[in-house]
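Data first, discussion second: the structure below is written as structure tokens.
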Amino acid sequence: MTPGSPLTALKAPVLAGIRRLNALDTVRARIAMAVDLGLLKPGERLPPTDEIARSLGVGEITARRALVSLCDEGVLERRRGRTGGTLVAHRPVTGRVLEIEAYRSAADEVHRLIDERLLLECGIAHLAASNAGPRQLEELEALVAQMDQVSSWAEFHTCDERFHTAIAAATGLPSAVGQYGPVLRELYRYYLPYPLDYLRESNGEHAELVAALAGRDPLKAVDVTRRHVQTLHQTMFVGLIGPQPPAGVPLAGAPSSESPPPDAAASALASSECR
């Protein structure tokens, strides 16, 4: 591996914190941070456990244990009956899930991973605009249509990974998937549950990209890709948490354990370019 290659970033020491978290703790951290930031609202029903497990890349038993532990800590609650399930607590406790700190401390590396993805994906889009075949375009169009119809952030996330991997495959270069895949998967480890309306808006850029590929327009494909990836600096959690506070001090604007999460993060998403 040569210095400065896309895979070098995956070996960076700053990732040590997140790598020390086991699968259970990563699920706890991602869901709890989404609640803390107001991306998941009080009373909002979570997707089925199997969908959460698939989208977050863990086993179903692990996902279930994580949800149970978050219920025990007052972040989530469990309701029985036909309209029940696992929901964000009416007044969720915040700031209690210590595993979140591993994500906050990796903010600099997340920004670097976004830039790695931008570098690779712009080249991939340019080449895919020349090489994508009819079947590949049909697959991409079908995934865009599916993402417009999904009922949860978990389903969307699963389709999103398939979509971007299919773009890399459409270049016709196996090495494109080999280099791009690890960067994409590493970055996906930092994705949080996002409001479905926001994700569906971002799917509009997916549609734009497919149209550029079908039109054999590499410059348009690169422009759409640049916008789609670059805005992650503002819309991923690293763009929502603000400056890091001293140890033991809550995030600026973060709610206390006696109040529901703020709307600030969701407002930031709405006012920014879509991912």
Side-chain angles (χ1 to χ4, degrees), residues 9 14 18 26 29-41 44 47 52 55-57 88 94 100 102-122 124-125 143-144 147-148 150 152-165 167 180 183-209 222-244 251-255 261-275:
V14 73
I18 187 65
T26 62
R30 293 164 82 174
I31 292 178
M33 183 179 279
V35 173
D36 282 6
L37 291 172
L39 300 174
L40 293 176
K41 301 294 185 182
E44 181 174 339
I52 293 175
S55 69
L56 300 186
V88 179
T94 60
I100 288 176
Y103 277 74
R104 292 175 180 160
S105 65
D108 288 345
E109 180 58 25
V110 173
H111 283 300
R112 282 193 287 272
L113 281 169
I114 293 169
D115 286 339
E116 293 279 356
R117 177 178 170 181
L118 180 65
L119 174 67
L120 290 169
E121 201 160 320
C122 283
I124 284 169
L143 285 168
V144 170
M147 281 184 274
D148 270 339
V150 297
S152 72
W153 53 264
E155 288 182 276
F156 188 98
H157 181 75
T158 301
C159 292
D160 184 74
E161 183 172 4
R162 290 171 56 197
F163 177 86
H164 288 289
T165 302
I167 295 285
Y180 174 67
V183 174
L184 184 66
R185 288 190 294 273
E186 191 67 33
L187 190 56
Y188 274 160
R189 296 179 66 190
Y190 294 94
Y191 276 92
L192 307 182
Y194 279 79
L196 192 54
D197 287 346
Y198 162 72
L199 295 174
R200 283 180 174 150
E201 285 188 36
S202 80
N203 197 36
E205 290 179 345
H206 291 157
E208 282 187 70
L209 179 54
V222 170
D223 180 63
V224 174
T225 297
R226 178 191 57 78
R227 289 187 280 115
H228 190 70
V229 178
Q230 196 166 41
T231 193
L232 293 175
H233 287 295
Q234 288 77 47
T235 57
M236 281 188 70
F237 78 90
V238 290
L240 301 178
I241 59 176
Q244 297 302 298
L251 288 174
D263 291 332
S267 298
L269 288 175
S271 63
S272 70
E273 288 185 282
C274 291
R275 185 180 62 78

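Between Leu39 and Met33 there is no side-chain heavy-atom pair separated by less than 4.5 Å. Contact of the Trp153 side chain with the Leu192 side chain is not registered, since no non-hydrogen atoms from C-beta on lie closer than 4.5 Å.
Partner of Leu232 under the side chain to side chain contact (heavy atoms under 4.5 Å, CB included) criterion, out of Leu113, Val110, Leu118, Ile114: Ile114 alone. Among His164, Arg112, Glu186, Gln230, the one residue that satisfies the side chain to side chain contact (heavy atoms under 4.5 Å, CB included) test with Arg117 is His164.
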Subject >> Verdict with reasoning, Ile167 to Tyr180, per side-chain contact (heavy atoms from CB on, under 4.5 Å) >> reply: CA-CA 10 Å; Ile167 295 285; Tyr180 174 67; over 6 Å; no

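For Asp223, the salt bridge (Lys or Arg N to Asp or Glu O under 4.0 Å) partners two or more places apart in sequence, or in a different chain, are Arg226, Arg227. Residues that satisfy the side-chain contact (heavy atoms from CB on, under 4.5 Å) test with Arg200, not counting sequence neighbours, are Leu196.
Looking at Ser105, its side chain does come within 3.5 Å of a backbone N or O of Ala102 through a donor-acceptor pair. Between the side chain of Arg30 and the backbone N or O of Pro193, no donor-acceptor pair lies under 3.5 Å.
Using the six-membered ring where Trp is involved, His111 and His233 have ring planes that are parallel, under 30° apart on the 30 and 60° scheme. Using the six-membered ring where Trp is involved, Tyr194 and Tyr198 have ring planes that are tilted, between 30° and 60° apart.
Here the CG-OG distance, from Asp160 to Ser55, works out to 11.0 Å after rounding to the nearest 0.5 Å. Note that the CZ atom of Phe156 and the CG atom of Asn203 stand 4.5 Å from one another [nearest 0.5 Å].
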